[in-house]
Amino acid sequence: MVSQTNSSQTIAAEFTDKIARQNKKDKLIQLAPIGVLIALFIVFSILNPNFGTMGNVITILGQTAVPMCITLGITFVILLGSIDLSVDGVMALTGAVVSMLVTNNMNSNHFGIWGVLLSVAIGALCGLIVGLVYEYAKIPSFMVSFGMSGIAMGLATAVTKAIPPTITDDGFRSLALKSVMGLPIMAWISFGLFILAYIVQEYTAFGRYLFAIGNSEEIPRMTGINIRAVKLIAFAWSGAFIGLAGVLGAARLGMGTVLIGRGNLFPAMTAVVLGGTSLAGGKGGVLNTLLGVLIATSLTNGLVLMGVSSDIQTGIQSLIIVLAVALSAKHGRSVINQ
């Protein structure tokens with residue numbers, strides 16, 4: 001009897017130690033992105049004194065607007081253990097649609113804010129369709145979302161008839177051209193969206209369900225959580241934020257070209273990974289995403305100041321994604337099947 005008691009105490013002590021070590025490890029992982037961001041600023045400031053100037057810092061913050069919108073959307077899908085690759089196409093579609101709905105040189109439309117809201121709704125619809133096909137047809141999300149990107153790109157070309165309309169709506173263009181306290185209005189919008197996403201993640205049942213499903217679908221299912229509904233909402237959420245990124249991209253460029261979304265997927269995925277959100281699901285969140293966007297934007301800005309070509313920058317981002325997938329697989333789940 002004494003032996004069994006001692007054995008139980010030993011197991012309990014080992015379990016307690018294991019939990020303590022895991023908690024310590026998680027805290028270190030959460031702090032790592034902050035250390036990376038600080039290290040980047042120190043290194044690039046030494047290599048190029050212009051990097052650490054207030055003007056360049058404001059430039060970096062201004063450059064976070066579009067990637068912030070994208071990553072705040074796809075983070076919710078990634079927390080589920082799934083993935084959304086529809087970024088480039090959906091951005092192109094919503095950018096094309098909004099450019100045709102606000103004042104432009106192609107038609108007499110002048111829908112203003114309603115054109116913006118409709119464009120974002122189209123983005124949400126694209127995300128919802130991806131979620132529906134993924135859930136009901138049981139096709140991996142990376143395949144469905146990649147297909148949606150191609151479809152949306154084609155629709156964007158059809159909407160504009162392959163002729164990018166020039167946006168002449170001064171109020172709409174002010175989102176990118178006007179600043180408040182040195183930052184473009186669109187940057188303030190993105191930080192406001194971050195606060196919204198953080199509140200949803202931390203203080204709603206939907207947010208808690210994302211983490212639960214990302215860790216294991218079986219336990220949430222046994223507790224009665226509607227897993228399918230959560231996934232559909234997450235994909236629609238992602239589509240809406242990607243759609244808004246397309247709208248902001250159109251405001252920045254001043255036209256509805258399908259090139260608005262080109263090349264945004266890898267930087268967005270890189271930012272999520274750098275922030276510490278696991279591609280296997282269940283770990284990370286929008287705070288990690290904020291740090292990741294700041295790291296990725298600072299990295300790109302620093303490399304540009306150093307004269308590094310865009311091809312090498314893309315290569316670095318791709319390498320980070322490959323390493324992230326490898327680490328996710330090492331922890332027992334593969335995003336390829338999600």
Side-chain angles (χ1 to χ4, degrees), residues 26 68-87 90 120-149 152 193-245 265 268-269 271-273 275-290 292 324-325 328 331-338:
D26 289 344
M68 182 80 79
C69 286
I70 299 170
T71 52
L72 287 176
I74 65 176
T75 294
F76 277 30
V77 171
I78 292 174
L79 285 174
L80 289 171
S82 299
I83 199 163
D84 189 346
L85 303 182
S86 67
V87 173
V90 173
V120 173
I122 289 174
L125 178 61
C126 290
L128 179 60
I129 292 173
V130 170
L132 287 169
V133 176
Y134 164 53
E135 269 298 294
Y136 286 94
K138 302 302 179 184
I139 301 174
S141 59
F142 83 95
M143 293 181 63
V144 182
S145 57
F146 187 71
M148 173 57 74
S149 181
L193 292 173
F194 162 75
I195 295 173
L196 171 64
Y198 184 81
I199 292 173
V200 171
Q201 175 190 286
E202 294 295 319
Y203 299 103
T204 68
F206 169 65
R208 293 191 293 273
Y209 294 162
L210 292 173
F211 288 93
I213 295 171
N215 280 295
S216 172
E217 288 191 17
E218 295 304 318
I219 296 176
R221 182 176 286 110
M222 289 188 294
T223 60
I225 295 174
N226 190 334
I227 294 177
R228 176 168 289 168
V230 173
K231 289 184 177 182
L232 294 181
I233 294 172
F235 275 98
W237 171 282
S238 180
F241 274 70
I242 294 171
L244 182 56
L265 176 60
M269 294 298 297
V272 173
V273 170
T277 295
S278 172
L279 292 178
K283 291 184 179 181
V286 295
L287 183 57
N288 298 77
T289 291
L290 172 63
V325 173
S328 297
H331 284 82
R333 291 187 64 183
S334 173
V335 297
I336 298 301
N337 296 319
Q338 300 302 315

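Everything numeric in this text was worked out from a predicted model, so none of it was measured.
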Would you sort out whether M269 and V87 count as a side chain to side chain contact (heavy atoms under 4.5 Å, CB included), showing the intermediate values?
CA-CA 10 Å; M269 294 298 297; V87 173; over 6 Å; no

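- The shortest heavy-atom contact between L232 and G131 is CD2-C, 3.3 Å.
- The distance from atom CG of L80 to atom CG of N215, rounded to the nearest 0.5 Å, is 11.0 Å.
- A side-chain donor-acceptor contact under 3.5 Å links D84 and S238.
- The shortest heavy-atom contact between G284 and T277 is CA-OG1, 3.6 Å.
- Listed by first then second residue, pairs satisfying salt bridge (Lys or Arg N to Asp or Glu O under 4.0 Å) with a partner in residues 132-145 read E135-R228, E135-K231, not counting sequence neighbours.
- In this structure a side-chain-to-backbone donor-acceptor pair under 3.5 Å is missing from S86 to M148.
- Residues forming a side-chain contact (heavy atoms from CB on, under 4.5 Å) with L85 (at least two apart in sequence, or on another chain): I83, F142, S145, F146, L265.
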Between C126 and F235, does a side chain to side chain contact (heavy atoms under 4.5 Å, CB included) hold up when you go through it step by step?
CA-CA 9 Å; C126 290; F235 275 98; over 6 Å; no

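- In this structure a side-chain-to-backbone donor-acceptor pair under 3.5 Å is missing from E217 to I227.
- Going from atom CG of N226 over to atom CD1 of I233 covers 8.5 Å, rounded to the nearest 0.5 Å.
- Rounded to the nearest 0.5 Å, atoms OG (S82) and CG (L279) are 11.5 Å apart.
- For I199, the side-chain contact (heavy atoms from CB on, under 4.5 Å) test picks out I195, Y203, with sequence neighbours left out.
- Pairing each heavy atom of A245 with each of I70, the nearest pair is CB-CG1, 3.5 Å.
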Could you please spell out the steps behind the side chain to side chain contact (heavy atoms under 4.5 Å, CB included) verdict for L193 and C69?
CA-CA 7 Å; L193 292 173; C69 286; 3.7 Å; yes

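- By the side-chain contact (heavy atoms from CB on, under 4.5 Å) test, R208 is found to be paired with A205, residues two or more places apart in sequence or in another chain being considered.
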Set out, in order, the CA-CA distance, both residues' side-chain angles and the distance that settles side chain to side chain contact (heavy atoms under 4.5 Å, CB included) for K283 and L79, then state yes or no.
CA-CA 7 Å; K283 291 184 179 181; L79 285 174; over 6 Å; no

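- Annotation: L196, atom CG; neighbour count of heavy atoms from other residues, nucleotides and ligands within 6.0 Å is above 12.
- Between W237 and F241, the angle of the ring planes stays under 30°, which puts this pair in the parallel group of the 30/60° scheme.
- Partners of T71 by side-chain hydrogen bond (donor to acceptor under 3.5 Å, both in side chains), not counting sequence neighbours: none found.
- Across all their heavy atoms, V90 and G239 have their closest contact at CG1-O, 4.2 Å.
- Between A197 and V286, the shortest heavy-atom contact is CB-CG1, 3.8 Å.
- The two atoms that bring P140 and Y134 nearest to each other are C-CD1, 4.1 Å, heavy atoms only.
- Checked against side-chain contact (heavy atoms from CB on, under 4.5 Å), A236 has the following partners two or more places apart in sequence or in another chain: L128.
- Screening residues 70-79 for salt bridge (Lys or Arg N to Asp or Glu O under 4.0 Å) gives no qualifying pairs among residues at least two apart or on separate chains.
- With rounding to the nearest 0.5 angstrom, the OG1 atom of T75 is 10.0 Å from the CE atom of M68.
- No side-chain heavy atom of F206 sits less than 4.5 Å from a side-chain heavy atom of Q201.
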